[in-house]
Student: 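Before I ask anything, here is the structure I am working with.
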Amino acid sequence: MANRQPIPVYVFTGFLESGKTQFIKEILADPNFTENERTALLMCEEGIEEYDERELLHYGTALVPVESTADLTPNKLKRIEQKFDPDRILIEYNGMWKLDDLMAAMPARWELYQIVTTVNAATFELYSNNMGPMMFEHITTADLVVFNRCTDALKDMLYKKNIRAMNPRATIYLDDVDGNSEDYARNMPLPFDVGADVIDIAPADYGLWYVDAMGNPGKYDGKTVRFLAQVYVGREVPDGSFVPGRFGMVCCAEDISFLGFLCRWPGAKDLKVRDWVRVTASITVETLPQYRGEGPVLHASEVIPTEKPEEEVVYFN
């Protein structure tokens, strides 16, 4: 009987010369990643860095060129699967192609395991200024983001921009030219005291707190917070709960969205959408469908009406 197990798919995206090819070479050479698996490597663009097919053969990897988006069809991808019978599939994706096109074309057995985005730190601002929506998509869809070729000045710039605001759940690393890697989350300074009895979140700092709490919910388990927010209630919010949050702009005006947490409060039924309140609440970490996994759930001890802040929209840097 034919093997019908899912085939794990790893997608590597980013603009040309962002370091995708080098990153793939390194993980194929890593014995923790490669151990006698048959790998099909779909190459959707050719950069300056090239693959050595003899070296790929050593790692049980077949290189499969994909010339255009016209080749991204379920039938053509299925033929690749049938020809190479891989244990896993790596895709070096073209940074100018829409990721949705690939997702729509993946055959039934192909199971997306991870999206990795590589970014050349030296050209990040240039691409952000000229192709902001595409850069935003690369980062927001990723499970892992690697900024390479970082200098100290570029690291400072990336921290000031608070890249985690674009994708709180992604793991982000800053790699320098000497091969050293820095965990972005561990070095991001916070403007409030996480160790305080009551963590006071200033209105201007809500965005930073939201990103940190969503990315590291365990840090706030059992903590008490106080912050200013707008009320959201709706049919999808459970009885006895509401969602306090703020509208935040991550990249540009088109990307403004409501950023909030589920909050349990007996008086939730009396709250009105868009009212401004000051919330004091303890936090537990729970698994909820709204969070697609674990996330912070608030248990309010006080919800009082208040005036709106000077700046209603929050930013992240």
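Note that the numbering runs from 1 along the sequence shown for the chain.
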Student: Are V145 and L16 connected in a single hydrophobic cluster, I mean Ile/Leu/Val/Met/Phe/Trp/Tyr linked by side-chain heavy atoms less than 4.5 Å apart?
Tutor: no
Student: F12 and side-chain contact (heavy atoms from CB on, under 4.5 Å): which single residue from T118, V146, L90 fits?
Tutor: L90
Student: Heavy-atom distance under 4.5 Å between the side chains of L63 and M43, does that happen here?
Tutor: yes
Student: For this output row, return yes or no: ring centroids of Y184 and F147 closer than 6.0 angstrom.
Tutor: no
Student: Run the salt-bridge test on R264 and E286 with the 4.0 Å N-O cut-off and return the result as yes or no.
Tutor: yes
Student: Backbone N or O of V231 within a donor-acceptor pair of the R274 side chain at under 3.5 Å?
Tutor: no
Student: Is there a donor-acceptor pair closer than 3.5 Å between any side-chain N or O of N94 and the backbone N or O of M96?
Tutor: yes
Student: How long is the straight-line distance from CG of N216 back to CG of D221, given to the nearest 0.5 Å?
Tutor: 12.5 Å
Student: Looking at side-chain heavy atoms only, is the closest gap between P244 and V279 below 4.5 Å?
Tutor: yes
Student: Distance check, rounded to the nearest 0.5 Å: N167 atom CG versus T141 atom OG1?
Tutor: 8.0 Å
Student: Are any non-hydrogen side-chain atoms of V64 and L41 less than 4.5 angstrom apart?
Tutor: no
Student: Nearest 0.5 angstrom please: H58 NE2 to D52 CG, how far?
Tutor: 11.5 Å
Student: Thinking salt bridges, do K98 and E137 make one under a 4.0 Å N-O criterion?
Tutor: yes
Student: Using side-chain hydrogen bond (donor to acceptor under 3.5 Å, both in side chains), reason through E81 and W110 one step at a time and then give a plain yes or no.
Tutor: CA-CA 9 Å; E81 174 191 329; W110 295 28; 2.9 Å; yes
Student: Excluding sequence neighbours, so at least two apart, what forms side-chain hydrogen bond (donor to acceptor under 3.5 Å, both in side chains) with S181?
Tutor: D175
Student: What's the shortest heavy-atom distance between W97 and V66, and which atoms?
Tutor: CH2-O, 3.9 Å
Student: What about Y232 and V277, same hydrophobic cluster or not, with Ile/Leu/Val/Met/Phe/Trp/Tyr joined at side-chain heavy-atom distances under 4.5 Å?
Tutor: yes
Student: Mind checking whether I139 and M135 have side chains closer than 4.5 Å, heavy atoms only?
Tutor: yes
Student: Provide the closest heavy-atom pair for L28 versus T61 in the form atom of the first, atom of the second, distance.
Tutor: CD2-OG1, 3.8 Å
Student: Verify the cluster assignment for I201 and L190: are they in a single hydrophobic cluster under the rule of side-chain heavy atoms below 4.5 Å apart?
Tutor: yes
Student: Are the charged groups of R246 and E312 less than 4.0 angstrom apart, N to O?
Tutor: no
Student: Run the numbers on Y220 and D212 for side-chain hydrogen bond (donor to acceptor under 3.5 Å, both in side chains), then give the verdict.
Tutor: CA-CA 9 Å; Y220 296 91; D212 197 52; 2.6 Å; yes
Student: Taking the side chain as C-beta and beyond, is there a heavy-atom pair between L158 and L174 under 4.5 Å?
Tutor: yes
Student: Taking all heavy atoms of I7 and all of R88, pick out the closest pair and write down the distance.
Tutor: CG2-CA, 3.8 Å
Student: Apply the test ring pair (Phe, Tyr, Trp, His ring centres under 6.0 Å) to residues Y10 and F33: give CA-CA distance (whole Å), side-chain angles for both, the deciding distance (0.1 Å), then the verdict.
Tutor: CA-CA 12 Å; Y10 301 83; F33 185 81; 5.4 Å; yes
Student: Using only atom types and a distance under 3.5 Å, with no angle test, would you say the side chain of D205 pairs donor to acceptor with the backbone of L208?
Tutor: no
Student: Do the side chain of D87 and the main chain of T39 share a donor and acceptor less than 3.5 angstrom apart?
Tutor: no
Student: Do the side chains of I91 and I80 join up, straight or via other hydrophobic residues, at under 4.5 Å, putting them in one cluster?
Tutor: yes
Student: Got a donor-acceptor contact below 3.5 angstrom from the D143 side chain to the A170 backbone?
Tutor: no
Student: In chain order, what residues pass the side-chain hydrogen bond (donor to acceptor under 3.5 Å, both in side chains) check against E302, with sequence neighbours excluded?
Tutor: none
Student: Going from CZ on R226 to OG on S301, what distance comes out if it is rounded to the nearest 0.5 angstrom?
Tutor: 9.0 Å
Student: Is any side-chain heavy atom of N120 closer than 4.5 Å to one of F15?
Tutor: no
Student: Write down the atom of V194, the atom of I199, and the distance for their closest heavy-atom approach.
Tutor: O-CD1, 3.5 Å
Student: Here's a test for you: under side chain to side chain donor-acceptor pair (under 3.5 Å), which of E50, E55, E49 qualifies with K25?
Tutor: E49
Student: Test of understanding: with side-chain contact (heavy atoms from CB on, under 4.5 Å), list the residues that count as partners of D270, not counting sequence neighbours.
Tutor: none
Student: Under 3.5 Å, is there a donor-acceptor pair between the side chain of T151 and the main chain of L154?
Tutor: yes
Student: Assign the ring pair Y206 / W209 to parallel, tilted or perpendicular, where the plane angle (0 to 90°) is split at 30° and 60°.
Tutor: perpendicular
Student: Please walk me through it: do R79 and N75 pass side-chain contact (heavy atoms from CB on, under 4.5 Å)?
Tutor: CA-CA 6 Å; R79 285 200 290 271; N75 286 339; 4.2 Å; yes
Student: Working to the nearest 0.5 angstrom, can you tell me the gap between C150 SG and N180 CG?
Tutor: 11.0 Å
Student: Side-chain contact test, heavy atoms from C-beta onward, threshold under 4.5 Å: evaluate it for P74 versus M106 and give yes or no.
Tutor: no
Student: Is it the case that atom CD in E35 sees more than 12 heavy atoms from other parts of the structure closer than 6.0 Å?
Tutor: no
Student: For the CD atom on E307, are there more than 12 heavy atoms of other groups (residues, nucleotides or ligands in this structure) within a distance under 6.0 Å?
Tutor: no
Student: Got a sec: does the CG of D197 have more than 12 other heavy atoms crowding it under 6.0 Å?
Tutor: no
Student: Could you walk me through whether V116 and V11 satisfy the side-chain contact (heavy atoms from CB on, under 4.5 Å) test, starting with their C-alpha distance in whole Å, then the side-chain angles of each, then the deciding distance to 0.1 Å, before giving a yes or no?
Tutor: CA-CA 6 Å; V116 178; V11 178; over 6 Å; no
Student: Indicate yes or no for a side-chain donor-acceptor contact from H299 to the backbone of W265 under 3.5 Å, with no hydrogens or angles considered.
Tutor: no
Student: Show, in sequence, the C-alpha distance, side-chain angles and deciding distance for Y127 and M134, and conclude whether the side-chain contact (heavy atoms from CB on, under 4.5 Å) test is met.
Tutor: CA-CA 9 Å; Y127 279 116; M134 295 190 74; over 6 Å; no
Student: Of the non-hydrogen atoms in P203 and V314, which two are nearest, and what is the gap between them?
Tutor: O-CG1, 3.9 Å
Student: Are any of the side-chain heavy atoms of N148 and V177 separated by less than 4.5 Å?
Tutor: no
Student: Could you state the interatomic distance from NZ (K161) to OG (S128), rounded to the nearest 0.5 Å?
Tutor: 6.5 Å
Student: I'd like to know if the side chain of N129 reaches the main chain of E125, judged simply by a donor and an acceptor atom lying under 3.5 Å from each other, with no hydrogens or angles considered.
Tutor: yes
Student: Mind running side-chain hydrogen bond (donor to acceptor under 3.5 Å, both in side chains) on E92 and Y51 for me, showing each step along the way?
Tutor: CA-CA 12 Å; E92 181 173 346; Y51 292 104; 2.4 Å; yes
Student: Any sub-3.5 Å donor-acceptor pair from K20's side-chain atoms to G14's backbone N or O?
Tutor: yes
Student: Tell me whether T224 contacts the main-chain N or O of S282 through its side chain, where contact means a donor paired with an acceptor under 3.5 Å.
Tutor: no
Student: Minimum heavy-atom separation for P309 to L228, with atom names?
Tutor: CD-CD2, 3.6 Å
Student: Assigning hydrophobic clusters by single linkage (Ile, Leu, Val, Met, Phe, Trp, Tyr; side-chain heavy-atom cutoff under 4.5 Å), is V303 placed with L262?
Tutor: yes
